[in-house]
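This report concerns only the one structure given below.
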Number of protein chains: 2
Amino acid sequence: MESPVKGHEVPRPNTRDRIVEAADFLFYQTGFEHTSFAEIAAIVGVSRGNFYHHFKTKDEILTAVIDLRLNKTRAMLRDWQAEGQGPAERIGCFIQILITNQSKIVLHGCPVGTLVSELAKLDHAAHDHANALFTLFRDWLHEQFVQLGRKEDADVLAMRLLAQSQGVASLASAFRDAEFIKAEVQQMRAWLQSVTPAA
Amino acid sequence: MESPVKGHEVPRPNTRDRIVEAADFLFYQTGFEHTSFAEIAAIVGVSRGNFYHHFKTKDEILTAVIDLRLNKTRAMLRDWQAEGQGPAERIGCFIQILITNQSKIVLHGCPVGTLVSELAKLDHAAHDHANALFTLFRDWLHEQFVQLGRKEDADVLAMRLLAQSQGVASLASAFRDAEFIKAEVQQMRAWLQSVTPAA
DNA sequence: GTCTATACGAGGATAGAC
DNA sequence: GTCTATCCTCGTATAGAC
């Protein structure tokens, strides 16, 4: 897709991208600080020294990981938008990711929430960059609630839904309880109904 | 208070307790893994080497910190219980801590949620021990909802309130927004009203 | 119980050959 | 672009004197 050469070349992902992918995976699974270069190198299959050719510092890798997640998230929101359904169905897509990712969430929490939380504790400069992930969802949900006819309190509803999903992910992980996710998703769908103005 | 000698001795806290207090503070502010012995030693005012006399490993300090938090939490719940009011007022006390601790929450999130989340990522043996903090609140809230007349779904309501508070803390910290806490606490109080059976 | 000194390993980062 | 070798710092942990 992003291969610079057109034609019949096999689009083998380059080392840089593979480093970012591996870091993305490990940062989610074991946290940013706890992930070492050695672990990333082991997954990618290159030597430690090598990838200083691609990134000068660990923070640069973090920046690349956040950018990757931002791009993936934008693409996902665009897809939901393109499915040609109404705002209620699109908000339903957002709620559904709790179900889709439930096993990962039980093990490692929400990828966005746990990263932002860790960076806040570290007082890390990239905190705001990471929080742009939340802002992406917040603005998108805001727009959906506007289209749903809740112009006045669209941001309040967007933040409330975001908070609910964070709380559910947090407790599901703490108690290792996937059933809790299912039950609360039911409740969130009912809530969505209740805030949808009658046609 | 816990001084072994009775009488006129000044109840100076011993070094061990001061280490645990300092660790408790730092684990909350900057996270368990990111906190170094040097930082704890700097606060307590003892040399690094010294407090291996009190704790053999960092994990032992963590255990002591969790026990401290468990005891403090039990005492707090007991106090709420002792104030002689009804279950609705007691649940209101729980909601109120979001307001009381709002400035800390904005900076460092919920002390329970962020610790449990970090230990989950580290796949740390103390995860379950830390999660006992959540269980303390869960069981206590459960009991309050039973007394409120919601025996059938007491645990569901307890978990929902716990999840809400986690979500609010998470987003308030991410967006550095204390006003969000205030607004959502209003909403949580209204919700509590709505689940309280009419007398 | 408190201190100094030190061992030991891990992790981030660099230099330079291929 | 990739590798090996190496440096440096920091953090945990230990030994032993006072």
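Just so it is clear: chains get the letters A, B, ... in the order the sequence lines come, proteins before strands, and each one is counted from 1.
- As a whole-Å value, the separation of A:Arg16 CZ from D:dT2 C1' is 17 Å.
- When rounded to the nearest whole Å, the span between CZ of A:Phe55 and P of D:dG1 equals 12 Å.
- Across all strands, B:Ser36 comes closer than 4.0 Å only to sugar-phosphate atoms, never to a base (heavy-atom distances).
- Residue order along DNA chain D, read from the 5' end via each residue's closest nucleotide, puts B:Lys58 first among B:Asn50 and B:Lys58.
- Listed nucleotides D:dT12, D:dT4, C:dG12 differ in distance to A:Tyr52; the shortest reach to its side chain belongs to C:dG12.
- Look at CZ on B:Arg48: it is 15 Å from P on C:dA7, rounded to the nearest Å.
- Counting to the nearest Å, the C1' atom of C:dG12 and the CD atom of A:Glu39 are 13 Å from each other.
- The nearest whole Å value for the distance from the CD1 atom in B:Ile40 to the C1' atom in D:dC10 is 15 Å.
- To the nearest angstrom, P of C:dG12 lies 10 Å from CD of B:Glu33.
- Within the 4.0 angstrom heavy-atom criterion, only backbone atoms of the sugar-phosphate kind lie near A:Phe37; the bases stay farther away.
- Contact between the side-chain N/O atoms of A:Thr15 and the OP1/OP2 oxygens of D:dT2 is found at a separation under 4.0 Å.
- Nearest to the side-chain atoms of A:Ser47 among the listed nucleotides D:dT4, D:dT2, C:dC3 stands D:dT4.
- Closest approach to the B:Val46 side chain among C:dC3, C:dT2, C:dA13 is made by C:dC3 (side chain taken as heavy atoms from C-beta onward).
- Contact check for A:Phe94 versus A:Ser165: side-chain heavy atoms found under the 4.5 Å cut-off.
- Listed by chain and residue number, A:Ile66, A:Leu115, A:Val116, A:Leu119 satisfy the side chain to side chain contact (heavy atoms under 4.5 Å, CB included) test with A:Ala130 (two or more places apart in sequence, or in another chain).
- Note on B:His34: every side-chain N or O is 4.0 Å or more away from OP1 and OP2 of D:dG11.
- B:Glu179 and B:Lys182 are joined by a salt bridge, as a carboxylate oxygen and a charged side-chain nitrogen come within less than 4.0 angstrom of each other.
- Put simply, NE2 on B:His53 is 16 Å from P on D:dA17, counting in whole angstrom units.
- Classification of the B:Tyr28-B:His108 ring pair by plane angle, with boundaries at 30° and 60°, yields perpendicular.
- Atom NZ of B:Lys56 is separated from atom C1' of D:dT12 by 15 Å (rounded to the nearest Å).
- The distance from atom CD of B:Gln144 to atom CG of B:Leu157, rounded to the nearest 0.5 Å, is 12.5 Å.
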